[in-house]
Amino acid sequence: VFPRNLKWSHYNLTYRIENYTPDMTHAEVDRAIKKAFRVWSEVTPLNFTRLRSGTADIMISFGTREHGDFYPFDGPEGLLAHAFPPGKRIGGDTHFDDDETFTSGSNGYNLFIVAAHEFGHALGLDHSRDPGSLMYPVYSYLEPSKFLLPDDDVQGIQSLYGPGYRDPNPKHPRTPEKCDPELSIDAVTELRGEKLIFKDRFFWRQHPQMTDVELVLIKNFWPELPNKIDAAYEYPEKDLIFIFRGRKFWALNGYTILPDYPKRIQELGFPKSLKTIDAAVSNRVTGKTLFFTGDKYWSFDEEKQMVDKGYPRLIMDDFPGIGEKVDAAYQRNGYIYFFNGSLQFEYSAWSNKIMRVLRANSILWC
Amino acid sequence: LPVPHEEDLHVTDKDLRLAESYLRTLYVGSDQHAGIMTKRRGNPLAAKLREMQAFFDLEVTGKLDEETLELMKQPRCGVPDVGEYN
């Protein structure tokens, strides 16, 4: 929240759309603005009524460069919009930089996402340092139809106005805490010497020279990837990483998703009945990639690009002690690290036995 | 603005202008704090840079390194991260 906990003293607030961007139809703008206010009315006692004339609490306009408030915009890109904290006159007013391209989709800047953020300011929220929150300063596209207000933002706005009476989605997404002792992870892969540890819609980037890990939204790196993934592995010989979600998988060369992807995992030779891959790890020595699903695993020959004969095999037959399922796996210096719930098992490929059992979050230097 | 000495980091004049505008627009009010810093460090922009790096959980080097510049180029909200509209 802002210094002095600036907030509206009345809960029935008014807004007025003073002008429109040429990028979208009036109806699209009206819809995006209305939906953006609903993000906040669903979790507070606040109500928003639209005025078509006169002065409203929250005056909404599109402008460029110097637009009358001594806080000029900066042309295309950079600053997208701003809003003023609750208060009289300019208080609550929200301005969009019309040198940007606003849309209802994922191209340009999604007006609903930008407006929902700016109305957070207009209601009294300052920026959040939580990269998963709506009030994080940097724009990231989220599918409006699947948007759920993150818990960090709910905590902030309810500290000002209290809870609402009709929250249709009380389960608000939380940003994973890296040192949560119960942390489990979705997938791990190396990428050009870095390690990427995936959890929900995030991944932690771990660079050997960095003193701490960096939490990043998957969609900030790869907008086309889904918000959550099942498995990932690196095939360094081709400078590629493969990302799996459901029956689909993508090949990535750095930031770039290769054309013709996503493909279906059945193209690798898996049976039609296979719905997901839980974990994948590539062994540079043998040139084999192991795919784990349920209580079984497969060996895949990267050179021949086919599943090896005699698979699937039971995980517990060949990797005794790591449990019946695998959430994620990666290999380093002859060891394979298997993740199962909040534990990870350091498995020696040479002596075929578990060397250590660690907490899953120890991969994040916790 | 302090820039790392690595040879391979080509910070252009345009980058420097972007960074200066970014810090002055979004790290408002830290001039007061920087007042103290200025006596000690003599560079309010470096103080703002450190604040920005701390806000975004970057390594607080006080120097315009690649990671910091990369983040400054990302589209964002124009409301200050530190300090507020007066």
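Side chains included, hydrogens not; waters and symmetry mates left out as well; all remaining heavy atoms used. Below, chains carry the letters A, B, ... as their sequence lines are ordered, and counting in each starts from 1.
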Heavy-atom cut-off 4.5 Å, strictly under: side chain, backbone, both or neither for [X] against chain B?
X        : answer
A:Tyr109 : side chain
A:Tyr136 : side chain
A:Ser128 : backbone
A:Glu118 : side chain

- [ ] State the CD-CG distance between A:Glu214 and B:Leu71, to the nearest 0.5 angstrom.
- [x]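 One gets 8.0 Å once the value is rounded to the nearest 0.5 Å.
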Open item on the list: Would you compute the distance between atom CD of A:Glu77 and atom CZ of B:Arg76 and round it to the nearest 0.5 angstrom?
Closed with: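 It comes to 14.0 Å.
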Task: Donor-acceptor contact present, side-chain A:Arg129 to main-chain B:Phe55, <3.5 Å - done: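 Judged by distance alone, yes, a pair lies under 3.5 Å.
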- [ ] Go through A:Val138 and B:Phe56 one step at a time and tell me if the side chain to side chain contact (heavy atoms under 4.5 Å, CB included) criterion holds.
- [x] CA-CA 10 Å; A:Val138 174; B:Phe56 285 104; 3.9 Å; yes
More than 12 heavy atoms of other groups within 6.0 Å of [X] [atom1]:
X        : atom1 : answer
A:Lys34  : NZ    : no
A:Glu143 : CD    : yes
A:Arg89  : CZ    : no

- [ ] Quickly, which of A:Leu80, A:Leu79, A:Asp97 forms a side chain to side chain contact (heavy atoms under 4.5 Å, CB included) with B:Pro75? Name it, please.
- [x]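 Going through A:Leu80, A:Leu79, A:Asp97 one by one, the side chain to side chain contact (heavy atoms under 4.5 Å, CB included) with B:Pro75 is satisfied by A:Leu80 alone.
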Open item on the list: Can you give me the closest heavy-atom contact between A:Ala83 and B:Val79, atom names plus distance?
Closed with: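 The pair with the smallest heavy-atom distance is O-CG2, 3.4 Å.
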Task: Heavy-atom contact with chain A under 4.5 Å, split by part of B:Leu18 - done: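 For B:Leu18, there is no contact with chain A at all, as no heavy atom is under 4.5 Å.
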Open item on the list: Quick one, A:Asp212 and B:Asp57 - any side-chain contact, counting heavy atoms below 4.5 Å?
Closed with: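 Answer no - side chains too far apart.
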Task: Side-chain heavy-atom pair A:His121, B:Cys77 within 4.5 angstrom cut-off - done: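 The answer is yes; the side chains approach within 4.5 Å.
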